[in-house]
Amino acid sequence: MATFGTLSDRLTETFRNLRKKGQLTPADVDGTVREIRRALLEADVALTVVKEFTAKVRERALGDEVNRALNPAQQVVQIVNEELIAILGGQQRRLQFAKNPPTVIMLAGLQGSGKTTFAGKLAHQLEKEGHTPLLVAADLQRPNAVNQLQVVAQRAGAAVYAPEPGNGVGDPVKVARDGVEVARRQQHDIVIIDTAGRLGVDAELMKQAGDIRRATDPDEVLFVIDAMSGQDAVNTAKAFQDGVDFTGVVLSKLDGDSKGGAALSVASITGRPIIYASTGEGLDDLEAFHPDRMASRILDLGDILTLIEQAQSAFDEAEAMKMAEKLATENFTLEDFLEQMQQLKKMGSMKKMLGMLPGMGQMKQQLDDFDEREIDRTEAIIRSMTPVERRNPKVLNGSRRMRIARGSGMTVTDVNALVNRFEQAAKMMKTVARGGTPNIPGMGPIPGARTGASAKRGKQTKAKGSRSGNPAKRAAENAGIAAQPPAAPTGSGFGLGGAGATGAPSEADLAELQKMLGRG
């Protein structure tokens with residue numbers, strides 16, 4: 001995430017220098033802690049949190065768990081990771097639902113923090129989980145707030161209760177109370193109340209929020225914080241906690257170009273868990289907050305679990321099985337290629353997905369240069385083909401390719417490049433369907449794996465051994481061969497090339513990935 005970019009860079013560089021040392025001295029530990037303290041302060045983390053955090057890291061880093069470790073530097077990274085998880089809240093906390101519906105969720109926060117947008121995202125997510133949320137427009141102060149909530153509710157496909165026009169007209173406490181009753185009568189199992197905010201904390205805001213809370217007795221009071229507001233967000237959260245109190249925190253605009261201090265401070269200072277993180281403008285850009293996964297992202301260790309969850313939600317298991325069966329018996333067509341790309345697009349931004357891979361923090365520039373529109377251009381080319389051409393690309397002669405290029409707004413060179421990439425992908429799919437291992441671009445041969453050709457023939461390479469006629473000499477030579485270490489794989493996980501100890505994909509890997517997804 002962009003929010004932790006600078007902090008992640010500083011911490012990664014600190015640990016890189018630490019790994020160069022075989023054994024850590026107290027001076028090495030002090031130097032590392034000093035760099036961590038400086039990085040946190042520059043990220044606008046609250047001073048009290050920084051002091052407590054670095055004190056714990058220093059104490060543990062000088063303890064026996066590091067001195068006795070086989071890899072002291074790696075142990076320090078693990079300590080920092082564990083302490084980061086602690087200040088981010090420790091364990092994930094989910095929404096608490098009422099035993100007797102409806103569950104009432106009240107949203108609070110300053111004006112411009114993203115409450116209304118979050119209300120729509122939350123309703124959209126709850127709808128997908130099988131709930132029937134009702135959005136209540138109780139922000140009657142901000143101009144056009146009611147209209148904005150109605151638009152957001154329509155996009156989310158959720159019901160909305162908005163009896164008052166707003167813009168200073170209407171009683172927000174009555175609207176909130178009546179909204180809960182309407183939800184009960186119409187059998188909505190969740191009520192989301194969007195309340196008014198101010199440019200700053202004032203007595204009127206606190207009184208109104210307190211009155212709404214007493215009138216509706218909410219099961220959850222979520223305080224929405226703009227992650228880009230830095231240290232001010234923490235001060236505001238503390239003021240709201242003292243005046244009204246809340247049960248959980250939502251970090252909005254976490255994809256913005258901010259320092260991230262609010263995220264690292266609010267849970268520790270308020271003692272309230274972060275429940276959600278908003279990571280973009282789209283309705284699906286809302287994540288349940290996992291302290292351990294966020295700590296891994298900050299330390300550039302990747303977030304594979306979130307990536308897997310996104311893939312599981314985007315890909316239909318029945319369709320995947322159907323595709324696998326088809327590949328085993330039929331040819332992979334451009335229609336299948338288009339379908340797979342559309343499934344990939346459902347997962348969201350490719351940049352975000354790539355950013356969840358370990359070590360990708362070291363390749364920010366390459367990620368920024370990654371053009372996601374290439375997938376749309378590829379889709380345009382395939383959609384400009386006739387059904388016959390999609391099923392059998394061999395019929396694509398020069399005139400057909402020229403017609404497709406004109407229809408998609410691309411060039412004949414682009415069409416040729418797509419056809420070539422498709423042919424490579426079709427071969428790879430067929431190899432996988434037959435039980436073989438394809439040669440993936442940017443990845444060397446996998447030790448012990450059978451290639452497509454060997455899988456097809458069922459042949460295996462014989463093990464090498466001594467041919468000496470002397471039994472003693474033959475046994476000694478065979479023992480020497482067995483003792484030799486196996487060849488190290490030239491690639492790393494996820495089909496990307498290795499990059500030393502970090503396991504980060506190389507610049508060539510990203511270029512190859514873009515080439516496969518977009519134009520050659």
Side-chain angles (χ1 to χ4, degrees), residues 1 92-107 114-137 148-162 179-180 182-184 186-194 218-220 222 224 247-255 273-290 293-294 303-322 339-353 356:
M1 288 185 180
Q92 182 203 11
R93 218 280 254 148
R94 297 179 180 272
L95 278 179
Q96 302 294 323
F97 295 102
K99 292 182 179 178
N100 299 313
T103 297
V104 180
I105 302 172
M106 173 182 166
L107 307 184
K115 292 191 305 298
T116 304
T117 303
F118 168 70
K121 290 181 179 180
L122 180 59
H124 179 64
Q125 186 174 101
L126 292 171
E127 284 266 3
K128 291 195 297 183
E129 294 174 2
H131 297 284
T132 55
L134 174 69
L135 291 168
V136 176
Q148 183 189 355
L149 185 68
Q150 289 172 326
V151 172
V152 167
Q154 185 178 16
R155 286 178 55 208
V160 62
Y161 177 70
V180 176
V182 167
R184 188 172 286 113
Q186 297 181 358
Q187 296 186 328
H188 291 277
D189 66 341
I190 294 177
V191 181
I192 302 172
I193 304 174
D194 183 26
D219 302 280
E220 293 276 18
L222 301 183
V224 183
T247 59
V249 177
V250 176
L251 292 174
S252 68
K253 307 176 187 178
L254 204 56
D255 57 321
I274 303 171
I275 300 180
Y276 288 106
S278 180
T279 60
E281 294 296 326
L283 281 174
D284 291 314
D285 294 330
L286 183 67
E287 297 179 6
F289 190 85
H290 297 263
R293 301 184 191 181
M294 189 59 67
D303 186 359
I304 302 303
L305 289 176
T306 299
L307 190 59
I308 291 171
E309 287 175 359
Q310 289 183 358
Q312 288 175 335
S313 64
F315 285 86
D316 185 277
E317 187 174 350
E319 286 296 323
M321 289 296 295
K322 183 179 176 182
E339 184 180 330
Q340 292 300 299
M341 281 200 305
Q342 290 171 334
Q343 291 275 9
L344 190 64
K345 284 173 68 176
K346 289 181 184 178
M347 290 182 63
S349 166
M350 281 295 297
K351 288 183 181 179
K352 285 185 180 178
M353 288 189 287
M356 293 180 191

* Should Asp219 and Gln96 be marked as a side-chain contact (heavy atoms from CB on, under 4.5 Å) after you check the CA-CA gap, both sets of side-chain angles, and the distance that decides it? -> CA-CA 7 Å; Asp219 302 280; Gln96 302 294 323; 5.8 Å; no

Reported [atom1]-to-[atom2] distance for the pair [X] and [Y], which is rounded to 0.5 angstrom:
| X | Y | atom1 | atom2 | value |
| --- | --- | --- | --- | --- |
| Leu122 | Leu283 | CG | CG | 11.5 Å |
| Thr247 | Leu222 | OG1 | CG | 5.5 Å |
| Tyr276 | Gln125 | OH | CD | 5.0 Å |
| Ile105 | Ile192 | CD1 | CD1 | 5.0 Å |
| His124 | Arg155 | NE2 | CZ | 9.5 Å |
| Tyr161 | His188 | OH | NE2 | 12.0 Å |

Closest heavy-atom contact between [X] and [Y]?
| X | Y | result |
| --- | --- | --- |
| Gly179 | Leu134 | O-CD2, 3.6 Å |
| Ser278 | Lys121 | OG-NZ, 2.5 Å |
| Gln92 | Ala288 | NE2-CB, 3.5 Å |
| Leu126 | Pro133 | CB-CG, 4.4 Å |
| Leu135 | Ala153 | CD1-CB, 3.5 Å |

* Indicate yes or no: at least one non-hydrogen side-chain atom of Val160 is less than 4.5 angstrom from one of Leu149. => yes

* To do: Check whether any side-chain heavy atom of Val180 lies under 4.5 Å from a side-chain heavy atom of Val136, and answer yes or no.
  => no

* To do: I would like to know whether Gln148 and Thr117 meet side-chain contact (heavy atoms from CB on, under 4.5 Å); could you show each step before the answer?
  => CA-CA 9 Å; Gln148 183 189 355; Thr117 303; 4.1 Å; yes

* Asked: His131 vs Phe97 aromatic rings, parallel, tilted or perpendicular, using cut-offs 30° and 60°?
  -> parallel

* Asked: Got more than 12 heavy atoms from elsewhere within 6.0 Å of CD, Glu129?
  -> yes

* To do: Measure from the side-chain N and O atoms of Thr103 to the backbone N and O of Ala98, and report whether any donor-acceptor pair falls under 3.5 Å.
  => yes

* Thr132: what forms a side chain to side chain donor-acceptor pair (under 3.5 Å) with it, not counting sequence neighbours? -> Asp189

